[in-house]
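In this text the structure is predicted, and so the values were computed from the model without any measurement.
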Amino acid sequence: MQYPTDTPAARLAVLGDRRNGVDRLSLIGALDGSTVSLLEAELDDVAHTGGAVVLDLHNLASVDLDAVEALQEIGRHAGDDGWLLFIVNVHEPVREAFERDGARDLLSEDVSGLLSSADGDWAPISLPPLPGERTRMTRLRIVEDVPP
């Protein structure tokens, strides 16, 4: 689906998957003051006490000061709420923005220990649709056991 270029959804996409009980949110596009609320909504849906969330920034093109400050606040809330936040796969321009804004400590170099405790592949998780995106409604039908 295409979004008008002036909407936050046109600048940021969030894909989610799960492995061994760890949720990974992959960010694509630009994270800034106008799109950070989309990330916060996704985090609200997956973060839980005792859990861990990996933010994969491999496909994040840019981040601004507002977004870095929001991520710092999210990191503080994660600790207070009893879940872990890891920010990984940061390429140089985004890393420089974190360093410039004094948030280098948010970045995680290696989370393999977190994921190595069990086997399994990353499996997609369901995230709510982006604003303006239509959802395909499916109906669940309960069928009673029928004798053979």
Do [X] and [Y] come within less than 4.5 Å of each other through their side chains, counting heavy atoms only?
| X | Y | value |
| --- | --- | --- |
| Ile28 | Leu60 | no |
| Leu43 | Ile74 | yes |
| Leu12 | Val14 | yes |

Rounded distance [0.5 Å steps], CG in Leu107 versus CG in Leu57
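Nearest 0.5 Å value for the CG-CG distance: 7.5 Å.
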Rounded to the nearest 0.5 Å, what separates atom CG in Leu25 from atom CZ in Arg18?
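With rounding to 0.5 Å, CG (Leu25) is 10.0 Å from CZ (Arg18).
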For residues 92-102, which residue pairs qualify under side chain to side chain donor-acceptor pair (under 3.5 Å), counting only residues two or more places apart or in two chains?
Arg95-Glu109, Glu99-Arg104
Suppose the criterion is salt bridge (Lys or Arg N to Asp or Glu O under 4.0 Å): which pairs have a residue in residues 46-75, not counting sequence neighbours?
Glu73-Arg76
Can you spot which of Leu55, Val90, Ile87 makes a side-chain contact (heavy atoms from CB on, under 4.5 Å) with Leu106?
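When Leu55, Val90, Ile87 are each tested with Leu106, the side-chain contact (heavy atoms from CB on, under 4.5 Å) holds only for Ile87.
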Going by the side-chain contact (heavy atoms from CB on, under 4.5 Å) test, name the single residue among Asp32, Val94, Val63 that passes it with Val68.
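By the side-chain contact (heavy atoms from CB on, under 4.5 Å) criterion, Val68 pairs with just one of Asp32, Val94, Val63: Val63.
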To check you understand the geometry: which heavy-atom pair defines the closest contact between Val36 and Leu31, and what is its length?
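For Val36 and Leu31, the tightest heavy-atom pair comes out as CA-CD1, 3.8 Å.
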For Glu40 against Ala70, the heavy-atom pair lying closest together:
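Where Glu40 meets Ala70 most closely, the heavy atoms are OE2-CB, 4.2 Å.
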When you look at NE2 of His48, are more than 12 heavy atoms from neighbouring residues, nucleotides or ligands closer to it than 6.0 Å?
yes
